[in-house]
Protein chains: 2
Amino acid sequence: MFSVSARTQYAIRAMVCLARAEGRQLTTAEIAAAEQIPPKYLEGIMTALKNAGLVSGERGKHGGFRLLKAPADIPMLRIIEALDGSVMPVNCVHTPDLCSLGCSCMPRQFWIGLKDVIDAYMRDHSLQDIAEGNDHGH
Amino acid sequence: MFSVSARTQYAIRAMVCLARAEGRQLTTAEIAAAEQIPPKYLEGIMTALKNAGLVSGERGKHGGFRLLKAPADIPMLRIIEALDGSVMPVNCVHTPDLCSLGCSCMPRQFWIGLKDVIDAYMRDHSLQDIAEGNDHGH
DNA sequence: TATTTCCCTATCGGCTAAGCAGGAATATAC
DNA sequence: GTATATTCCTGCTTAGCCGATAGGGAAATA
Ligand code: FES
Ligand code: FES
């Protein structure tokens with residue numbers, strides 16, 4: 001349960017890779033080789049990260065991707081949301097209509113609380129924490 | 001991301017149903033009707049709950065399922081584990097060999113910390129909390 | 001013996017994730 | 001201005017899982 005998709009894991013590894021580059025531009029081919037990610041698949045992931053405003057992509061020779069913010073200013077939550085939308089244990093957390101039992105459904109509060117806990121954890125860990133192997137949050 | 005399977009949601013609703021019955025036996029048909037769960041599908045879920053030692057099933061006339069412990073003594077974590085194995089964001093949390101980058105992989109600690117946070121939340125909320133609409137844990 | 005219920009096994013359709021392919025747009029280099 | 005490197009876009013295929021169903025066997029009761 002609660003498995004993280006390969007797509008998301010790839011994205012995080014790619015971001016760590018960029019964080020280590022410290023502003024230097026890296027091509028998808030370079031990142032793919034360093035992190036052992038299917039190159040063509042990585043392209044789509046970088047697009048998602050770009051659309052979320054986390055990285056900037058420049059085309060042509062000497063093109064590539066670079067971070068748009070300092071790693072310390074990028075909460076992990078941002079990266080996850082860039083790929084999978086928001087962290088949401090059950091769909092009815094956002095749209096209660098989906099539950100046939102209506103507003104009186106007990107588990108709902110439980111899921112909302114879980115979402116809050118996960119969100120908080122991911123907000124309190126920045127990309128820099130990961131890149132530096134720092135496990136105690138910010 | 002982090003979507004909870006219908007199977008797990010069904011299981012929790014069924015357990016809440018049993019908690020309200022306060023020891024009285026309920027048949028799968030009764031639970032299915034009350035919680036709007038496909039009856040045949042629910043059978044498989046109850047089997048999983050039984051194998052996990054959470055409920056006891058008795059066959060024959062006047063058979064059915066009942067809780068084996070008081071709702072207050074059943075952490076939600078137990079229910080989740082009964083269905084999906086353990087809460088494990090990425091497979092390499094348990095078996096690091098799966099990561100091609102080996103022990104030096106940075107994100108690993110991040111996932112382990114996330115697992116701990118989720119586990120703690122689910123351990124601190126009992127079935128009774130859910131059944132009573134109590135959202136502040138034990 | 002009949003009935004009710006849990007239990008076991010197998011199967012199906014639909015959906016999504018993972019990865020691949022081909023090419024169009026754009027920036028540099030010579 | 002032609003060649004080259006790179007991002008970008010669009011669509012496709014495959015494999016695997018999830019939800020659900022079907023049919024029947026085993027046990028407990030009446
Ligand atoms: S509101 Fe989510 S299961 Fe009822
Ligand atoms: S150990 Fe999990 S991604 Fe490397």
Side-chain angles (χ1 to χ4, degrees), chain A residues 1-14 18 21 24-33 35-68 80 83-85 88-91 98 100, chain B residues 1-14 18 21 24-33 35-68 80 83-85 88-91 98 100:
Chain A
M1 153 170 250
F2 282 147
S3 65
V4 175
S5 65
R7 188 180 166 83
T8 299
Q9 295 183 53
Y10 288 161
I12 292 176
R13 299 222 303 255
L18 285 173
R24 207 174 76 253
Q25 274 193 342
L26 298 179
T27 70
T28 58
E30 287 172 312
I31 299 173
E35 299 287 336
Q36 303 183 7
I37 303 173
K40 268 297 193 183
Y41 192 39
L42 179 58
E43 283 188 19
I45 294 170
M46 297 312 293
T47 301
L49 292 173
K50 186 201 165 198
N51 290 340
L54 292 174
V55 302
S56 77
E58 283 179 21
R59 292 194 268 199
K61 241 171 191 169
H62 300 86
F65 293 91
R66 84 176 69 222
L67 292 186
L68 281 178
I80 272 79
L83 298 168
D84 299 289
M88 197 177 316
V90 296
N91 33 17
L98 294 180
S100 42
Chain B
M1 158 171 246
F2 282 145
S3 65
V4 175
S5 64
R7 188 180 167 83
T8 299
Q9 295 184 52
Y10 288 160
I12 292 177
R13 298 223 302 257
L18 285 174
R24 207 175 77 254
Q25 275 193 341
L26 299 180
T27 70
T28 58
E30 287 173 311
I31 300 173
E35 299 286 337
Q36 304 181 6
I37 303 172
K40 267 298 194 181
Y41 192 40
L42 179 59
E43 282 189 19
I45 295 171
M46 297 312 293
T47 301
L49 292 172
K50 187 201 163 199
N51 290 340
L54 292 174
V55 301
S56 77
E58 283 179 19
R59 291 194 269 201
K61 244 171 190 169
H62 300 88
F65 293 92
R66 84 177 70 222
L67 292 185
L68 280 178
I80 273 79
L83 297 169
D84 300 288
M88 198 177 315
V90 296
N91 33 16
L98 296 180
S100 42

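Worth knowing before you read on, the calculation uses all heavy atoms, side chains too, and leaves out hydrogens, waters and symmetry mates. Below, chains carry the letters A, B, ... as their sequence lines are ordered, and counting in each starts from 1. Predicted model, so just to flag it, every value in this text is computed and none were measured.
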Participant: Under 4.0 Å between any heavy atoms, over every strand shown, what does A:G44 touch: base, sugar-phosphate, or nothing? Just pick one.
Facilitator: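 Nothing, no heavy atom under 4.0 Å.
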Participant: Starting at CD1 of A:I37 and ending at C1' of C:dA18, how long is that distance when rounded to a whole Å?
Facilitator: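 Going from A:I37 (CD1) to C:dA18 (C1'), I get 13 Å.
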Participant: Take the protein atom CG of B:L26 and the nucleotide atom P of C:dT5, then report the distance between them rounded to whole Å.
Facilitator: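 About 12 Å, once rounded to whole Å.
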Participant: Among all residues two or more places apart in sequence or in another chain, which pass the side chain to side chain contact (heavy atoms under 4.5 Å, CB included) test with B:R66?
Facilitator: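 Counting only residues at least two positions away or on another chain, B:R66 forms a side chain to side chain contact (heavy atoms under 4.5 Å, CB included) with B:Q25, B:S56.
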Participant: Going 5' to 3' on DNA chain D, which nucleotide is the first and which the last to come under 4.0 Å of a heavy atom in chain B?
Facilitator: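 Endpoints of the contacted stretch of DNA chain D: D:dG19 to D:dA30.
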Participant: For the pair made of CD in B:E30 and C1' in C:dC6, what is the distance, rounded to whole Å?
Facilitator: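 Answer to the nearest Å: 14 Å.
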Participant: Could I get the full list of salt bridge (charged side-chain N to carboxylate O under 4.0 Å, His left out) partners for A:E43, not counting sequence neighbours?
Facilitator: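 Testing A:E43 for salt bridge (charged side-chain N to carboxylate O under 4.0 Å, His left out), a comparison that skips the adjacent residues, returns A:K40.
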Participant: From CG of B:L49 over to C1' of C:dC6, roughly how many Å is that when rounded to an integer?
Facilitator: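 Interatomic distance, CG of B:L49 to C1' of C:dC6: 14 Å.
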Participant: To the nearest Å, give me how far apart CD1 (A:I45) and P (C:dA18) are.
Facilitator: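 Computing the A:I45:CD1 to C:dA18:P distance gives 9 Å.
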Participant: Tell me, please, which residues at least two apart from A:A6 pass side chain to side chain contact (heavy atoms under 4.5 Å, CB included).
Facilitator: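 With sequence neighbours excluded, A:A6 shows a side chain to side chain contact (heavy atoms under 4.5 Å, CB included) to A:Y10, given in chain and number order.
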Participant: What's the separation between atom CD1 in B:I37 and atom OG1 in B:T28, rounded to the nearest 0.5 Å?
Facilitator: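 Between atom CD1 of B:I37 and atom OG1 of B:T28 there are 10.5 Å.
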Participant: Could I get the full list of side chain to side chain contact (heavy atoms under 4.5 Å, CB included) partners for B:A48, not counting sequence neighbours?
Facilitator: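 Result, side chain to side chain contact (heavy atoms under 4.5 Å, CB included) vs B:A48: B:R7, B:L83.
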Participant: Could you write nucleotides 20-30 of chain C as a row of B, S and -, 5' to 3', where a protein heavy atom under 4.0 Å of any base atom gives B, of only sugar-phosphate atoms gives S, and otherwise -?
Facilitator: S-BB-BBBBS-
Participant: Expressed in angstrom and rounded to an integer, what is the separation of A:Q36 atom CD from C:dA18 atom P?
Facilitator: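 In whole Å, C:dA18 P and A:Q36 CD are 18 Å from each other.
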Participant: Identify, with sequence neighbours excluded, every residue that meets side chain to side chain contact (heavy atoms under 4.5 Å, CB included) alongside A:A29.
Facilitator: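 Side chain to side chain contact (heavy atoms under 4.5 Å, CB included) list for A:A29, sorted by chain: A:T27.
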Participant: Going by side-chain contact (heavy atoms from CB on, under 4.5 Å), B:L49 matches just one of B:L68, B:L67, B:V55. Which one?
Facilitator: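 Looking at B:L68, B:L67, B:V55, the match for B:L49 under the side-chain contact (heavy atoms from CB on, under 4.5 Å) is B:V55.
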Participant: Are A:L18 and A:M46 packed together at the side-chain level, in the sense that at least one heavy-atom pair is separated by less than 4.5 angstrom?
Facilitator: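 Yes, close enough: below the 4.5 Å cut-off.
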